[in-house]
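Sequence positions, counted from 1, serve as the residue numbers for this chain.
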Amino acid sequence: MLWVWATLVHTSIATYERYVRQLPAVEVARYYEEQKRLACACGVPVDGCPDTCDDFTAYFEGTVERLLEPTPAARQVADIALNPLD
């Protein structure tokens with residue numbers, strides 16, 4: 001459940017920064033701390049989140065780099081999502 005919650009947090013920040021404005025690091029850190037409170041509602045055990053925003057970034061990027069492997073179906077979905085008018 002940690003990974004599901006992490007993708008929600010990461011996507012929220014990335015979407016805001018892409019379409020609204022870049023957030024100062026202090027605002028990203030504050031948002032992360034606020035989201036840790038909601039992690040339990042997503043099934044993450046108490047104290048199961050990375051401690052800091054920097055720890056979260058390392059966890060997220062490490063998971064993407066070392067554990068995730070795109071399947072042909074995932075590549076197709078990504079292509080459709082990124083190129084909806086093709």
Side-chain angles (χ1 to χ4, degrees):
M1 294 314 305
L2 177 60
W3 179 247
V4 172
W5 170 81
T7 62
L8 296 172
V9 172
H10 181 269
T11 301
S12 297
I13 294 168
T15 301
Y16 188 89
E17 290 190 328
R18 181 173 185 142
Y19 295 106
V20 180
R21 67 177 172 90
Q22 285 297 119
L23 293 168
V26 68
E27 288 185 36
V28 174
R30 186 181 75 212
Y31 178 77
Y32 176 70
E33 288 301 318
E34 292 169 355
Q35 293 306 304
K36 283 179 15 180
R37 291 185 225 148
L38 298 176
C40 288
C42 294
V44 178
V46 175
D47 296 327
C49 300
D51 288 335
T52 68
C53 190
D54 288 339
D55 294 340
F56 172 78
T57 299
Y59 161 74
F60 191 89
E61 291 176 356
T63 299
V64 169
E65 289 174 19
R66 291 187 297 276
L67 297 177
L68 299 183
E69 293 184 31
T71 64
R75 288 182 191 278
Q76 183 179 16
V77 168
D79 184 54
I80 291 167
L82 296 173
N83 303 292
L85 301 178
D86 288 349

Undergrad: Within a radius of less than 6.0 Å around CZ of Arg21, do more than 12 heavy atoms belonging to other residues, nucleotides or ligands occur?
TA: yes
Undergrad: Which heavy atom of Met1 sits nearest to which heavy atom of Cys42, and what is that distance?
TA: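 Looking at all heavy atoms of both residues, the closest pair is CE-O, 3.1 Å.
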Undergrad: Would a hydrophobic clustering, with Ile, Leu, Val, Met, Phe, Trp and Tyr connected at side-chain separations under 4.5 Å, put Tyr31 with Val26?
TA: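 No; Val26 is not reachable from Tyr31 via cluster members.
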Undergrad: Name the one of Arg37, Lys36, Gln35 that satisfies side-chain contact (heavy atoms from CB on, under 4.5 Å) with Glu33?
TA: Lys36
Undergrad: Looking at Asp47, I'd like to know if its CG atom is crowded, meaning that more than 12 non-hydrogen atoms belonging to other residues, nucleotides or ligands lie closer than 6.0 Å.
TA: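 Open: at most 12 neighbouring heavy atoms sit under 6.0 Å from CG of Asp47.
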Undergrad: Which heavy atom in Tyr32 sits nearest to a heavy atom in Asp51, and how many Å separate them?
TA: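 Smallest heavy-atom distance, with atoms named: CE2-O, 4.1 Å.
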Undergrad: Do Val4 and Leu38 sit in one hydrophobic cluster, given that two such residues count as connected whenever their side-chain heavy atoms are within less than 4.5 Å of each other, even indirectly?
TA: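 Val4 does not cluster with Leu38.
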Undergrad: Could you check if a side-chain atom of Leu8 sits within less than 4.5 angstrom of a side-chain atom of His10, using non-hydrogen atoms only?
TA: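 Not in contact.
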Undergrad: Is there a salt bridge (Lys or Arg N to Asp or Glu O under 4.0 Å) between Glu27 and Arg30? Walk through the geometry before answering.
TA: CA-CA 5 Å; Glu27 288 185 36; Arg30 186 181 75 212; 5.0 Å; no
Undergrad: Of all heavy-atom pairs between Gly48 and Leu2, which one has the smallest distance, and what is that distance?
TA: O-CD2, 3.6 Å
Undergrad: Check for me, please, whether Leu68 and Val9 land in the same ILVMFWY cluster - side-chain distances under 4.5 Å, paths through other members count.
TA: yes
Undergrad: Looking at every non-hydrogen atom in both residues, tell me the closest pair between Pro50 and Phe56 and how far apart they are.
TA: CB-N, 3.5 Å
Undergrad: Do you know which two heavy atoms are closest between Ala39 and Cys49, and how far apart they sit?
TA: CB-SG, 3.4 Å
Undergrad: Closest approach of Leu23 and Glu17, non-hydrogen atoms and distance?
TA: N-OE2, 3.0 Å
